[in-house]
Amino acid sequence: MAVEVEAAATTELALSETDINWDRLDKSRFHVIGAILFTAQSALLHPTGVVKTRMQVAGSGLAHMRGVSVFRRILKNDGILGIFRGFGTSAVGSLPGRVLALTSLEVSKDMMLKYTEGLDIPEATRVGIANGVAGMMSNLFSCVYYVPLDVTCQRLMVQGLPGTTVCTGPFDVIHKVMKSEGIRGMYRGFGLTVVTQSPASALWWGAYGAAQHVIWRSLGYTNDAKKKPSHMEMVTVQATAGTVAGACSSVLTTPIDTIKTRLQVLDNYGVGRPSVMKTTKALLHEDGWRGFYRGFGPRFLNMSLYGTSMIVTYELIKRLSVKQL
């Protein structure tokens with residue numbers, strides 16, 4: 001999916017196998033392979049999420065420490081299990097969410113490609129619109145499922161820190177949140193997530209497309225069909241562009257992520273139930289504008305690595321899931 005916009009504009013830049021739409025996929029293989037590979041990817045990146053989350057929470061004593069120092073501290077105090085807090089819940093809980101997200105993404109893209117077929121617009125624009133709409137639809141469906149899971153996992157990550165409720169496991173988290181706030185408590189930060197993730201997604205894919213375009217041109221690939229990249233070049237360019245996109249996105253989205261994280265895990269600032277405005281004012285009061293970039297290092301690393309591994313993993317999943325003729 002990631003290379004389709006570029007591939008549509010200059011098909012010589014991508015091998016034909018990379019342009020794999022929904023009707024060419026074996027759906028069962030697609031979801032099974034996707035679940036396995038994305039779970040493995042999540043396991044590799046989970047420790048950076050734990051470090052980032054703990055740095056963003058007030059009263060943790062970790063806000064002004066370097067990410068590496070926080071990682072070592074967690075490892076020293078809690079061992080390996082400490083840096084993987086919440087992973088079991090996240091891994092198991094994400095399985096239905098990934099099916100929902102991947103299906104809505106590919107189906108929406110396929111529908112938009114069919115609806116726009118025959119329109120008098122450049123092919124690159126048509127594919128870009130289809131991918132954009134698909135990304136928005138997938139994000140919307142994902143938020144409905146993932147926000148409660150995110151609330152649960154992040155509360156497990158920050159156990160023992162001031163301002164948080166002590167919970168013994170994921171079901172205890174859900175029970176206590178539902179008892180005190182009802183379903184509304186499980187959807188803390190939902191509006192903020194939906195409003196911010198759509199432009200963030202647009203930023204990611206925009207940066208990815210621009211970076212890939214510049215890289216291909218710098219390597220001398222133009223509309224000359226005689227020169228085509230190898231599989232290794234294709235993966236390398238995708239990975240590099242994904243890293244650049246993740247890095248750019250992290251710079252602009254970290255402040256919102258800090259507010260969202262604290263809103264989801266803290267139960268009381270001494271002034272009642274936290275809100276977006278109360279959380280924002282608390283951050284400003286505690287550390288000025290620097291407070292919005294708590295955990296930036298781990299998040300920067302997380303999103304850069306995620307961008308690289310996600311795009312390469314996703315393209316691999318699609319290639320492995322092509323229907324056998």
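Just so you know, these numbers come straight off a predicted model, no measurement behind them.
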Does [X] reach the side chain of [Y], with side-chain heavy atoms less than 4.5 Å apart?
| X | Y | result |
| --- | --- | --- |
| V177 | R155 | yes |
| Y187 | V151 | no |
| F71 | T48 | no |
| R73 | N77 | yes |
| R98 | S42 | yes |
| T103 | F30 | no |
| I174 | M186 | yes |
| V51 | V68 | no |

Contacts of F141 meeting side-chain contact (heavy atoms from CB on, under 4.5 Å) (sequence neighbours excluded), chain-then-number -> L100, S104, M137
Can you list everything that forms a side-chain contact (heavy atoms from CB on, under 4.5 Å) with A101? Sequence neighbours excluded, please. S138, S142
Sequence neighbours excluded, which residues qualify as salt bridge (charged side-chain N to carboxylate O under 4.0 Å, His left out) partners of K114? D110
Under the salt bridge (charged side-chain N to carboxylate O under 4.0 Å, His left out) rule, collect the residues that match up with D26, sequence neighbours excluded. none
For residues [X] and [Y]: do they belong to one hydrophobic cluster (side chain heavy atoms under 4.5 Å, members Ile, Leu, Val, Met, Phe, Trp, Tyr)?
| X | Y | result |
| --- | --- | --- |
| V50 | V70 | yes |
| L102 | V32 | no |
| L45 | M310 | yes |
| L105 | M111 | yes |
| I36 | V322 | no |

If you take all heavy atoms of [X] and [Y], which pair is closest and at what distance?
| X | Y | value |
| --- | --- | --- |
| A239 | V312 | CB-CG2, 4.0 Å |
| C167 | V173 | CB-CG2, 3.5 Å |
| G49 | M157 | O-SD, 4.0 Å |

Has the side chain of [X] got a donor or acceptor atom that lies under 3.5 Å from a matching backbone atom of [Y]?
| X | Y | result |
| --- | --- | --- |
| K323 | D23 | yes |
| T254 | V251 | no |
| S218 | I215 | yes |

[atom1]-[atom2] distance between [X] and [Y], expressed to the nearest 0.5 angstrom:
| X | Y | atom1 | atom2 | result |
| --- | --- | --- | --- | --- |
| I33 | I317 | CD1 | CD1 | 7.5 Å |
| L320 | K318 | CG | NZ | 12.5 Å |
| L75 | L81 | CG | CG | 10.5 Å |
| L149 | T152 | CG | OG1 | 6.0 Å |

When the side chains of residues 82-97 are checked against the rest of the protein, which donor-acceptor pairs come out under 3.5 Å, sequence neighbours left out?
from	atom 1	to	atom 2	distance (Å)
R85	NH1	Q159	O	3.2
S94	OG	S90	O	2.5

Might you work through the side-chain hydrogen bond (donor to acceptor under 3.5 Å, both in side chains) test for Q41 and S309, ending with a clear yes or no? CA-CA 7 Å; Q41 178 204 23; S309 57; 2.7 Å; yes
Looking at M277, K278, H285, which one forms a side-chain contact (heavy atoms from CB on, under 4.5 Å) with K281? M277
Contacts satisfying salt bridge (Lys or Arg N to Asp or Glu O under 4.0 Å) that involve residues 131-152 (not counting sequence neighbours) are D150-K260
Does the Lys NZ or Arg CZ of K27 fall within the cation-pi geometry relative to W22 - under 6.0 Å from the ring centre and within 45° of the axis? yes
